[in-house]
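On a predicted model such as this, the values are computed, not experimentally measured, just so you know.
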Protein chains: 2
Amino acid sequence: MSEYQHTCLIRGDDGQAVRAILDRICNKWTLLIVATLDRGTVRFTDLHRQIPGISQRMLTLTLRNLERDGLVSRTVHAEVPPRVEYALTPVGKSLIPPALALAGWAVEHVPHIEASRRAHESGGR
Amino acid sequence: MSEYQHTCLIRGDDGQAVRAILDRICNKWTLLIVATLDRGTVRFTDLHRQIPGISQRMLTLTLRNLERDGLVSRTVHAEVPPRVEYALTPVGKSLIPPALALAGWAVEHVPHIEASRRAHESGGR
DNA sequence: CTGTATCCAACGGGATACTG
DNA sequence: CAGTATCCCGTTGGATACAG
């Protein structure tokens, strides 16, 4: 099978499949939350603590989107004080391997990329 | 090795490595351009034609960013009319496999995700 | 503890017109 | 052919305050 046919996976229907997933995971916090939930069930405040820099607003919003997309489950325990636990669904877990592939690429190549950036900046002006 | 250690690749330094790459490839056109260039050297207008819907402005901007990051090479031929050819660098090519992993996940799970979306919308109101 | 509501600034990106 | 320059709008996301 040729490379041509492989990259059709990306280009596909004008890239609509890739665009669909990109629209969902390519925001500031989604992958980070998914990675954090990969370690097991976590409640709201713990997530807030384990993900430095995220605001309550964005944590809630991102979790709601992940829930809508069926990647994360939300369990409310009828207690006082309230306890809400988040966990990955099977579909959510299935995102981990490709996300790791991307992360692996990142740690391997980002230094080179940033060097290239700096070279262009210093040489450009 | 545990799952915990794996997902550290994503969470890593508060996810800064992943964030760095996400900031670069997670826009509307980058992956599509990279996938298109995987088929070989392409000139500006051909890219414009092969990627439906992209504006000249975004094609130029995205190509400039890819060039800065060292993922794409730009070759100007001193001719009239001018001819400019774009191609993936080795680093650019190395992005293809992880991108395919993500694309594969997308085509496999996006239907399920969109079904989940619709279920939440119809049941939610 | 687990959110929601509001306001606001920054940025991505589309449309269009112009240029060497 | 291969861009650049403007204008402009929608979305993302941060800060803050409030609520069950």
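We find that CG of B:Asn65 is positioned 14 Å from P of C:dC11, with the value rounded to whole Å. For the pair B:Asp23 CG and C:dA10 C1', the interatomic distance rounds to 14 Å; values are reported in whole Å. Taking atom NZ of residue A:Lys28 and atom P of nucleotide D:dG14, one finds them 4 Å apart after rounding to whole Å. Between the CZ atom of A:Arg64 and the P atom of C:dA5 there is a distance of 11 Å, given to the nearest Å. In this structure, B:His48 atom NE2 and D:dG3 atom P are separated by 12 Å, rounded to whole Å. Rounding to whole angstrom units, CE of residue B:Met58 and P of D:dT6 are separated by 18 Å. Atom P of nucleotide D:dC1 and atom CG of B:Leu47 are separated by 13 Å, given to the nearest angstrom. Look at CG on A:Leu61: it is 14 Å from C1' on C:dT2, rounded to the nearest Å.
For B:Ile54 and A:Leu63, each mapped to the nucleotide of DNA chain C holding its nearest heavy atom, the one lying further toward the 5' end belongs to A:Leu63. Checking A:Gln56 against A:Gly53, the closest nucleotide of DNA chain D that is more toward the 5' end is the one next to A:Gly53.
Using a 4.0 Å heavy-atom cutoff across all strands shown, A:Thr45 reaches sugar-phosphate atoms only and no base atom.
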Discussion item. Between B:Arg39 and A:Arg11, does the side chain to side chain contact (heavy atoms under 4.5 Å, CB included) criterion hold? Intermediate values first, please.
Written reply: CA-CA 11 Å; B:Arg39 298 146 109 172; A:Arg11 296 184 27 92; 2.7 Å; yes

Worksheet item: Does the pair B:Arg74 and B:Val84 meet the rule for a side chain to side chain contact (heavy atoms under 4.5 Å, CB included), with working shown?
Response: CA-CA 7 Å; B:Arg74 176 172 179 269; B:Val84 180; 3.8 Å; yes

Practice prompt. Kindly determine whether B:Leu102 and A:Ile10 satisfy side chain to side chain contact (heavy atoms under 4.5 Å, CB included), including the steps that lead there.
Written response: CA-CA 9 Å; B:Leu102 209 58; A:Ile10 300 178; over 6 Å; no

Discussion item. Side chain to side chain contact (heavy atoms under 4.5 Å, CB included) for B:Gln56 and B:Leu59? Distances and angles first, verdict last.
Written reply: CA-CA 5 Å; B:Gln56 273 197 340; B:Leu59 181 54; 5.7 Å; no

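Helix bend of the helix from C:dC1-D:dG20 to C:dG20-D:dC1: the angle between its two end axes, each built from five pairs, comes to 50° after rounding to 10°.
Looking at B:Trp105, its side chain does come within 3.5 Å of a backbone N or O of A:Ser94 through a donor-acceptor pair.
In this structure, B:Ile54 CD1 and B:Thr36 OG1 are separated by 9.0 Å, a value rounded to the nearest 0.5 Å. Atom NZ of B:Lys28 sits about 9.0 Å away from atom OG of B:Ser55, to the nearest 0.5 Å. Here the CG atom belonging to B:Asp38 is positioned 3.5 Å from the CD1 atom belonging to B:Ile96, to the nearest 0.5 angstrom.
The side chain to side chain donor-acceptor pair (under 3.5 Å) test with A:Asp69 singles out one residue from B:His112, B:His120, B:Arg117, and that residue is B:Arg117.
Residues of residues 67-83 of chain B having a heavy atom closer than 4.0 Å to DNA chain D, listed by number: B:Arg74, B:Pro81, B:Pro82, B:Arg83.
Residue A:Arg43 has its side chain nearest to C:dC1 when only C:dT4, C:dA17, C:dC1 are considered. Comparing C:dC1, D:dA15, C:dA15 against the side chain of B:Arg57 picks out C:dA15 as the nearest. Of the candidate nucleotides C:dG13, C:dT2, D:dG13, C:dT2 has the atom lying nearest to any side-chain atom of A:Val84.
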